[in-house]
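Okay, structure first, notes after.
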Protein chains: 2
Amino acid sequence: MIKRKVNNMLALAVLSLLHEKPMHPYEISATMKQRGIPDVIKLNNGSLYSTVESLLKQKWIVPLQTEREGKHPERTIYSPTDAGREGFHEWLRELIYSPVKEYPHFPAALSLIGHIAPQETIQLFHQRIGYIQKDIVERRAGIELVLAKGLARIFIAESQFIVHQLESELNWLQSFVRDIKDGSMTELQDGEQVWKYSVPVFEDEL
Amino acid sequence: MIKRKVNNMLALAVLSLLHEKPMHPYEISATMKQRGIPDVIKLNNGSLYSTVESLLKQKWIVPLQTEREGKHPERTIYSPTDAGREGFHEWLRELIYSPVKEYPHFPAALSLIGHIAPQETIQLFHQRIGYIQKDIVERRAGIELVLAKGLARIFIAESQFIVHQLESELNWLQSFVRDIKDGSMTELQDGEQVWKYSVPVFEDEL
DNA sequence: CATCGCATAGTCCATTTCGACTATACGAAA
DNA sequence: TTTCGTATAGTCGAAATGGACTATGCGATG
């Protein structure tokens, strides 16, 4: 995995938009919102302007012109350089073919699940299941809407992927709840259901 | 979703360890490595010390004593406060029941897949499939090893979840490749396979 | 006709994060 | 005996991030 200087997804999105047409940062931001990019790439003002700054430093974009309208602040319109276009494509390819190490919160929390009693765990899982189900329904509706407008399937690849992964998570959550309930992971201690070998500390103490 | 002051997973892991026994930061780091925590929570030196600093500021931990050995730097041993223990449990519960908005790289890249030609996309997907398959095999082996040592299933919940999600991704990748190959998403243009409605820019230009 | 809210366009700065660096101790190899 | 690698324990500074803030224009609404 190459060590990239500019290495945040927002920069990738910026490049992809400038690829289409030169814009000033605010227009970039507006266009992103309109296209729903903030659903998959975190967007906020501060980061955007500082990202544009780094792209500039790396010479992946150049200011094309600056203009002003009324007494609004000056707007600088940027355009990608050849290096920027190439860098964008290579980066995008790499993101597709090579999985990146990431640290989602849920598995991290799962690794500490021993700190929560089995019965409460079941409750918490049920709540999560509810949220995920709702999310799936909403995303599916969004997909239907887009397809109804006649847009090509290529534009909803990411949504379909996300829904697919959510469904998979749902299945896992439900099967884990079943496993807790059937008692293979717990035992009775002083009239309470506890995990077998509850928390790592017990190993040290034995 | 509550706005937490200390809000990085490393802090959660620190609390979970101090929960077991007071330690100095270096011992925390070493214990984490030994337990494989860096697989699910990003660990690096700088972050660890600054995380401990914030936990201290929030009064979730307190220095218990400081000692020194030879001419090594002084070691400060920390212990969780009552607020720390409570905060830890509440935080952990919340992470289980409530899905957090996250921004994994792959869906972000997928949303820009229109910038890559269908044939190359197939190639890139095949590479990714290879990496994922390898990852699954390795993780499965790791799980077998842990179970062989007689550790309870509760300790590998996160690994099983991750493998489950990887398998799901694998299925999606393979089905997407099939969809590209069967031609429903592409069309012939000047003798080349291109996406139907290749890149958003074309819409504007029509 | 005043003002309320939203769109426009961006700045500022406190934290966080990350990686490189410092510096000692200590056993094994050359 | 020097030197090399590794473990111990942590510091430092550049860069990224996030959110609050500034300031104007402009249409709708009471």
Side-chain angles (χ1 to χ4, degrees), chain A residues 1-14 17 22-34 38 41-58 60 63-78 100-103 105 108, chain B residues 1-14 17 22-34 38 41-58 60 63-78 100-103 105 108:
Chain A
M1 320 204 177
I2 296 144
K3 182 73 194 172
R4 234 168 266 286
K5 302 104 205 177
V6 181
N7 197 27
N8 75 86
M9 290 294 111
L10 193 48
L12 190 75
V14 167
L17 291 195
M23 300 184 203
H24 54 92
Y26 188 82
E27 188 179 0
I28 293 173
S29 164
T31 309
M32 283 183 183
K33 281 172 190 159
Q34 180 202 331
I41 294 176
K42 199 167 3 180
L43 169 62
N44 69 29
N45 254 346
S47 304
L48 178 61
Y49 285 90
S50 97
T51 292
V52 165
E53 214 57 37
S54 356
L55 283 172
L56 207 52
K57 230 189 293 178
Q58 301 303 317
W60 277 21
L64 201 62
Q65 48 167 307
T66 70
E67 47 176 55
R68 88 181 322 159
E69 214 166 290
K71 281 187 186 161
H72 283 298
E74 222 176 37
R75 300 183 303 194
T76 303
I77 295 177
Y78 297 94
V100 173
K101 184 146 188 55
E102 284 171 325
Y103 299 87
H105 287 192
Chain B
M1 327 216 167
I2 295 144
K3 183 72 197 176
R4 236 168 261 290
K5 303 102 204 177
V6 181
N7 196 27
N8 75 87
M9 291 294 111
L10 193 49
L12 189 77
V14 166
L17 292 194
M23 302 184 201
H24 54 92
Y26 188 82
E27 189 180 359
I28 293 174
S29 164
T31 309
M32 282 183 184
K33 281 172 190 158
Q34 181 203 329
I41 294 176
K42 199 170 0 182
L43 168 62
N44 68 31
N45 254 346
S47 304
L48 178 61
Y49 285 89
S50 97
T51 292
V52 165
E53 214 55 37
S54 357
L55 283 172
L56 205 52
K57 232 187 290 176
Q58 301 302 316
W60 277 20
L64 201 62
Q65 49 167 307
T66 69
E67 47 178 56
R68 85 179 326 155
E69 216 167 289
K71 280 185 187 162
H72 283 298
E74 223 176 38
R75 301 183 303 194
T76 303
I77 294 177
Y78 297 94
V100 173
K101 184 149 189 53
E102 286 171 324
Y103 300 86
H105 287 191

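Atoms considered below: every heavy atom in the structure, side chains included; atoms not considered: hydrogens, waters and symmetry mates.
Scored by the side chain to side chain donor-acceptor pair (under 3.5 Å) test, N44(A) finds S47(A) as partners (sequence neighbours excluded). With sequence neighbours left out, L56(A) forms a side chain to side chain contact (heavy atoms under 4.5 Å, CB included) with E53(A), I61(A), P63(A), Y78(A). With sequence neighbours left out, the side chain to side chain contact (heavy atoms under 4.5 Å, CB included) criterion links A13(B) to M32(B), I37(B), I41(B). Every residue two or more places apart in sequence or in another chain that forms a salt bridge (Lys or Arg N to Asp or Glu O under 4.0 Å) with E27(B) is listed here: K21(B). K57(A) meets the side chain to side chain contact (heavy atoms under 4.5 Å, CB included) test with no other residue; sequence neighbours excluded.
Using a 4.5 Å heavy-atom threshold, the side chains of I77(A) and H24(A) count as touching.
Residue E53(B) contributes atom CD, which lies 16 Å from atom C1' of dA14(C) at whole-angstrom precision. Rounded to an integer number of Å, the gap from L56(B) CG to dT16(C) P is 13 Å. Across the protein-nucleic acid pair, L10(B) atom CG and dT15(C) atom C1' stand 15 Å apart, rounded to whole Å. The interatomic distance linking N44(B) (CG) with dC21(C) (P) rounds to 15 Å, in whole Å. The interatomic distance linking Q34(B) (CD) with dA7(D) (C1') rounds to 14 Å, in whole Å. The interatomic distance linking L48(B) (CG) with dT8(D) (P) rounds to 14 Å, in whole Å. Whole-Å rounding puts the N8(B) CG to dT17(D) P distance at 15 Å. Q58(A) has its CD atom 12 Å from the C1' atom of dA15(D), to the nearest Å.
Nearer the 5' end of DNA chain C, as judged by each residue's closest nucleotide, is the contact made by K57(B), out of K57(B) and K42(B).
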Pick out the pairs of N or O atoms, protein on one side and nucleotides 10-14 of chain D on the other, that lie under 3.5 Å.
residue: dG10(D); atom: OP1; partner: E74(B); partner atom: O; Å: 2.6
residue: dG10(D); atom: OP2; partner: Y26(B); partner atom: N; Å: 3.4
residue: dG10(D); atom: OP2; partner: Y49(B); partner atom: OH; Å: 3.0
residue: dG10(D); atom: O5'; partner: Y49(B); partner atom: OH; Å: 3.3
residue: dG10(D); atom: N7; partner: N45(B); partner atom: ND2; Å: 3.2
residue: dG10(D); atom: O6; partner: N45(B); partner atom: ND2; Å: 2.9

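Contact annotation: S47(B) side-chain N/O to dT16(C) OP1/OP2 distance is not under 4.0 Å.
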